[in-house]
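So that the names make sense, note that chain A is the first sequence line, chain B the second, and so on, each numbered from 1.
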Protein chains: 2
Amino acid sequence: MSMLQLRLVDSKSSVTKEKILDAAEALFMEHGFEATGLRQITTGAGVNLAAVHYHFGSKEELLQAVLTRRLDPMNQERLALLDQLENDARGKPLTCEAIIGAMFIPALKLARDKARGGKNFLRLIGRAYADPAPFIRQFLSHQYAPMIAFFKAAFGRTLPHLPAKELSWRLHFLMGALSYTLAGTDVLKLISALNPIATDNDELLLRRLGPFLVAGLQAPLADLSELTARPKSGRRGVRSA
Amino acid sequence: MSMLQLRLVDSKSSVTKEKILDAAEALFMEHGFEATGLRQITTGAGVNLAAVHYHFGSKEELLQAVLTRRLDPMNQERLALLDQLENDARGKPLTCEAIIGAMFIPALKLARDKARGGKNFLRLIGRAYADPAPFIRQFLSHQYAPMIAFFKAAFGRTLPHLPAKELSWRLHFLMGALSYTLAGTDVLKLISALNPIATDNDELLLRRLGPFLVAGLQAPLADLSELTARPKSGRRGVRSA
DNA sequence: CGATGATTCAAACAAACGTTTGAATGTTTT
DNA sequence: AAAACATTCAAACGTTTGTTTGAATCATCG
């Protein structure tokens, strides 16, 4: 009996709760967090204004709930995919393409699922990354730290010749290209103004982004001796010849 | 005499005007656009609240003024650098490193100039890129479109074997890595949690980012004929001319 | 000087913000 | 049915928001 009761209570409260989550997600994506009012959310969801504080406690906690609902499964899937690849490899290091795919494919699956946020949801994440609000930063780092640690370790095994510091940098660049691409900001449309890019084919997207990232990760080490040993060096800037 | 009068009037109004710009820039960087109130700006600048509307018209126009003050000279310098390189090359195509440097160095110069915004200003730009507000998007695309078009043409001459569509994509990835790096978001600190990265040495930064981007731009074309995932091992040479 | 225009200032504007309250409703348990 | 709990609701809370107003202050000009 108690089981059934709990399920009923849960499913009932979930109705209002998820209506709020859906409306909040859509509006946060469209206008951003700070620019979206609670009244827009509640009227958009067809629920009472106070329902937000009853179910989530505050606007900040609502945003965290919106993010976790999508990010938690996605990162879990990333780790599961990476784990499966490494099990299949039986100790042998994976290829860069495989590891990148483990990061990329779950994100694409999320972006493709129009019922669950659609591709615009990733724009919300991209925006959250750039948000200076402390509670957002704390939330994201706590959410992403374990996953990134695992992937960094995997890349380290695949690229053993790369110093750890260099790998950190290239992972950073990789995350930049990845996030920008997934977030699909205006810069894309801006560049493609002269030569339009179709963003609807995800398979092709990975085929294009993959080689770019792999080549970057496997790029030869730069000669840093000139700078580290002798900071007085007169030559600056990049080689151009 | 009218000349002198104008100059006096200008320099006088510039006092209040620039005090507002400085305070707004600092606060927009720290808390974001929406989260920053006009009263924080005016009290921080030591001016009256109404001065913002008197000198700029609205909060939105203030943000545009904050952005143009730094972005306009930076993009102009980028184009000048690119133009100079192409003049020196006398018709020969530039190297990827040179073109990337023309994009990167003016941004680094801006980031290094603590008197003029410091490196945190680039975080404001990165945040502006992800902002869904229409007036910000319109402003940025209008501000950046010409510069990007020039650089895209330069890359096209350097990488003539790349189809235009592929070049658009890789430029997009490049902008992603570049913006993320310059913006210095939390993902950097997140990745570097296990292995700290020092962000204070810009020269080293370019030396690391450069090879990553060059390798990505010069990566071999992906085989788009078949879309079945196939893990390819073996060599991926990123060396090219 | 008196006049003119530019700038500053304190004060108030209506609107929207996130949050709280307390009663009304619904639902489950005793 | 009655007590206990969970959820919804309309209304108001006190602040804060961006913006406007009209007088005061300042500098320049005829």
Side-chain angles (χ1 to χ4, degrees), chain A residues 1-25 27-28 30-66 131 133-136 139, chain B residues 1-25 27-28 30-66 131 133-136 139:
Chain A
M1 292 298 243
S2 60
M3 287 290 285
L4 180 60
Q5 291 152 14
L6 279 177
R7 281 173 49 107
L8 285 179
V9 169
D10 272 355
S11 69
K12 184 175 177 301
S13 71
S14 290
V15 173
T16 300
K17 220 169 175 175
E18 284 197 15
K19 277 199 292 186
I20 294 178
L21 284 174
D22 289 338
E25 183 179 73
L27 288 168
F28 284 158
E30 196 172 349
H31 306 111
F33 174 67
E34 305 267 10
T36 302
L38 284 183
R39 282 160 183 84
Q40 305 175 39
I41 295 173
T42 52
T43 59
V47 302
N48 189 269
L49 170 62
V52 171
H53 295 86
Y54 178 80
H55 286 288
F56 299 97
S58 70
K59 191 189 177 186
E60 295 192 353
E61 288 171 280
L62 171 61
L63 174 63
Q64 295 183 8
V66 167
D131 203 300
F135 86 96
I136 293 184
F139 170 81
Chain B
M1 287 307 140
S2 59
M3 287 288 284
L4 180 60
Q5 291 151 14
L6 279 177
R7 281 174 48 107
L8 285 179
V9 168
D10 271 356
S11 68
K12 184 175 177 299
S13 71
S14 290
V15 173
T16 300
K17 220 168 174 176
E18 285 198 14
K19 276 199 293 185
I20 294 177
L21 284 174
D22 289 338
E25 184 178 73
L27 288 168
F28 285 158
E30 195 171 348
H31 308 111
F33 173 67
E34 306 268 9
T36 302
L38 284 182
R39 282 158 183 87
Q40 306 174 37
I41 296 173
T42 52
T43 59
V47 302
N48 189 270
L49 170 62
V52 170
H53 294 85
Y54 178 80
H55 287 287
F56 298 97
S58 69
K59 191 190 177 185
E60 295 191 353
E61 289 171 280
L62 171 60
L63 174 63
Q64 295 183 8
V66 166
D131 203 301
F135 86 96
I136 294 184
F139 169 81

Below 4.0 Å: OP1/OP2 of C:dA6 and any side-chain N or O of B:His55: no

Given atom OH of A:Tyr54 and atom C1' of C:dG22, what is their separation to the nearest angstrom? 15 Å

Looking at A:Thr16, I'd like to know whether one of its side-chain N or O atoms comes within less than 4.0 Å of OP1 or OP2 on D:dT8. yes

Would you say A:Ser58 reaches C:dG18's phosphate, i.e. side-chain N/O to OP1/OP2 under 4.0 Å? no

If only atom types and distance count, is the side chain of A:Lys59 paired as donor or acceptor with the main-chain N or O of A:Phe33 below 3.5 Å? yes

Round to the nearest Å and state the distance from B:Ile20 atom CD1 to D:dG18 atom P. 14 Å

Sugar-phosphate, base or nothing in reach of B:Ala51, heavy atoms under 4.0 Å: nothing

NA contact type, A:Thr42, heavy-atom cut-off 4.0 Å: base, sugar-phosphate, or nothing? nothing

Does some side-chain heavy atom of B:Tyr54 sit less than 4.5 Å from a side-chain heavy atom of B:Thr16? no

Check the phosphate of C:dC17 against A:Gln40, side-chain N and O only, distance under 4.0 Å to OP1 or OP2. Yes or no? yes

Dot-bracket for DNA chain D, please. Rules: Watson-Crick or G-U, both distances under 3.5 Å, ( ) within the strand, [ ] when a pair crosses earlier ones, | for another strand, . otherwise. ||.||||||||||||||.||||||||||.|

Are A:Asn48 and D:dA10 close enough that a side-chain N or O sits under 4.0 Å from OP1 or OP2? yes

Round to a whole Å and report the spacing from NE2 of B:His53 to P of C:dA11. 19 Å

Just to be sure I understand the rule, does A:Glu60 reach a base, reach only the sugar-phosphate, or reach nothing, if contact means heavy atoms closer than 4.0 Å? nothing

